[in-house]
Each structure stands twice: as structure tokens, then as C-alpha cells.
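For this chain, numbers begin at 1 and follow the sequence in order. Whatever order the structure lists ligands and atoms in, that order sets their numbers, starting from 1.
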Amino acid sequence: MQLLDGTACSQQIRQEIAAQVNELKAAGKRVPHLAAVLVGNDGASQNYVAMKVRDCEEIGFNSTVIRMDENTSEEELLAKIDELNKDEDIDGFIVQLPVPPQIDENKVILAIDSAKDVDGFCPENVGNMCLGLPTFLSATPNGIMELLKRYDIETEGKHCVVLGRSNIVGTPMAILMSRNSKPGNATVTIAHSRTANLKELCRSADILIVAIGKTEFVTADMVKEGAVVIDVGQTRVPDDSRKSGFRNVGDVDFENVKDKCSYITFVTGGVGPMTRASLLQNTLKAYQRR
Ligand code: GUN
């Protein structure tokens, strides 16, 4: 079993981007600027945004965090998005999801200018991805593709089961894995909570990508010997033995699954850092396009 080290891979990507930022600075040019909107007090979201800002600082991007109250109305958030769409100084921005229940997530995604949508969530960018046209690829699926690429994992002709069908992970993941590209060219099945014979289906996967949002859902009996297992899940569960009071648990029962795998990611240092690296790549692209 080999652990897929997202921390090391993302570090490489950050260094590559930092080198480009240094060239911009040396030429006296402006540097890329990413903004993140954080609505409410969700602890995990606050942490994700803090890490995204830290990444920007490390590689020399400018960053701005816009914090909005838990009770922010949809109208107020849409007005802020409009402001960011028009802000000449900002190359790209994200609205950290989920947003509080009084706000319609789809309206948020539709309001973001596609040229600044560095999450790659809006219809134009998703459509471009489906057509194989240049676009901002959704950060988590693209991060996973980078991880597969940098470890030179063969995907062509393999059976890839994507567990989960969300707009931001499962669905774009399936499209990228089935595209005529490297990595790609896999035969993909999207599975979800209503899939029949889920255990058998997962056991037929050469590559199993899990984004179902249920802790330790994938057990050893669902994994084929030698499979590549990518765990996107990250749920905070209370843990009094930790200073933070919680620990992150993935969608895969790592301890019992790991020895069956050729490659596997761990809940920390796996997909998360790669997602953040993709966001930086997209922000640089947004800057370069202007
Ligand atoms: N929430 C969980 N993942 C993401 C992501 O990639 N982007 C945004 N904006 N919110 C998220």
C-alpha cells in the first residue's frame, strides 16, 4: 500500500505557482488576488477559508476574506457578489459552501461572474468542462486528477466508481475520469444512496472515489484487492482527547481498508491540500486571462 501524499504534491504545485508570482513581481507587475466570502460561523468552513488565505500568503497572492453574519439575507449576499464581480482588483473569488439555510445556494452560484468563478461551479464553467474546453475545473475533482497524474496511476480502461453525485465533487469527478485524457479514459459508474448492490459495485472498482459524506462508510469488504481508494470525506466528530475537541473522520474506514489498496489517501493530508492547490491554479488562470 502506498499513501497518496496530497501535502507533498500540493507543496510542489504551490512552489510552481510561487515561481510564477516571483516572475510577476520581478517584472513590476500586479500579483493575483483571491477573495473568499464566509457567511456564518461554521467551524469547518472557517478553518478551510483560513487555510486558503494562508496558502495565498505563502505563494505571494493577495487575498481578502469577507466575513458575513450568520443571519445575512440572500439579498445582502447577492449584493456582495455583485460588488466582487465588478471589483477590478479581484481576479477570482469563492463563496465558501454551505451557506446558511435562508440563502439559496444555486442563486449564489448563478450570481458569480464565470470569469471570476475560480471554484468552477457556475453553469458556463461546468459546461466548458463537459465539452473539454478551457475552463476553471472544480477544485476537488481537479485536485484528485493532479494527484493521480503526479503518482502516474494508470486510469485508462479501469473501472472507476464514484460514490456520491454532488455538483461540486461526484458529478464533475465522473466527467473528468471518463474524458479522453490522461489521467482519464476510465469506465465510470456514479453510485449514490439509492444504488442497488452498492457493496458488489464498489468491489468491482479498480479506482474508488468516495464523496458520500458518511463517516467510515466504505469498509474493507467493499474494496477490491489492489484498488486505488480516494477519500474525499471529512467530517468533524467530537473527541475529548484532542485539544480542538474534535477529529476529522473520512468516508473510508482507513485502518481496515488500507492494506487491501495499492494506493489510498488519508483524511488529512490527502484530498484537502490538493483542493486548495487547484484553487490557487484557477486563481492564477483567472489573473492570466485578464
Ligand atoms: N465547501 C466544500 N468544498 C468547497 C469548495 O471547494 N468550494 C467552496 N466554495 N465551498 C466548499
query: Any idea which atoms of ligand 1 are less than 4.0 Å away from a heavy-atom of Phe121?
result: 5 (C), 6 (O), 7 (N), 8 (C), 9 (N)

- request: Show which atoms of ligand 1 fall inside a sub-4.0 Å distance from at least one heavy-atom site of Val95.
  value: 8 (C), 9 (N)

message: Please list the nearest protein heavy atom to atom 11 (C) of ligand 1 with its residue and the distance rounded to 0.1 Å.
response: Gln96 NE2, 3.4 Å

statement: Ranked by distance from atom 3 (N) of ligand 1, the top protein heavy atom is Ile168 CD1, 4.0 Å

- prompt: Who else is in Val218's hydrophobic cluster (ILVMFWY, side-chain heavy atoms under 4.5 Å, direct or via others)?
  reply: Met1, Leu3, Val161, Leu163, Leu198, Leu201, Leu208, Val210, Ile212, Phe217, Met222, Val223, Val229, Val252, Phe254, Val257, Ile264, Phe266, Val267

query: When you check the gap from the basic side-chain N to the acidic O, do Asp91 and Arg290 get nearer than 4.0 Å?
result: yes

task: Decide, yes or no, whether a salt bridge links Glu88 with Lys116 under the criterion of side-chain N to carboxylate O below 4.0 Å.
output: no

- prompt: Heavy-atom distance to atom 1 (N) of ligand 1: which of Thr140, Val108, Leu97, Leu38 wins?
  reply: Leu97

- request: For ligand 1, indicate whether the residue Asp119 contacts it via side chain, backbone, both or neither (heavy-atom separation under 4.0 Å).
  value: side chain

message: Among residues at least two apart in sequence or on other chains, which ones pass side-chain hydrogen bond (donor to acceptor under 3.5 Å, both in side chains) with Lys243?
response: none

message: Whether Arg30 engages the ring of Tyr287 as a cation-pi pair (distance to the six-membered ring centre under 6.0 angstrom, angle to the ring normal within 45°) should be assessed.
response: no

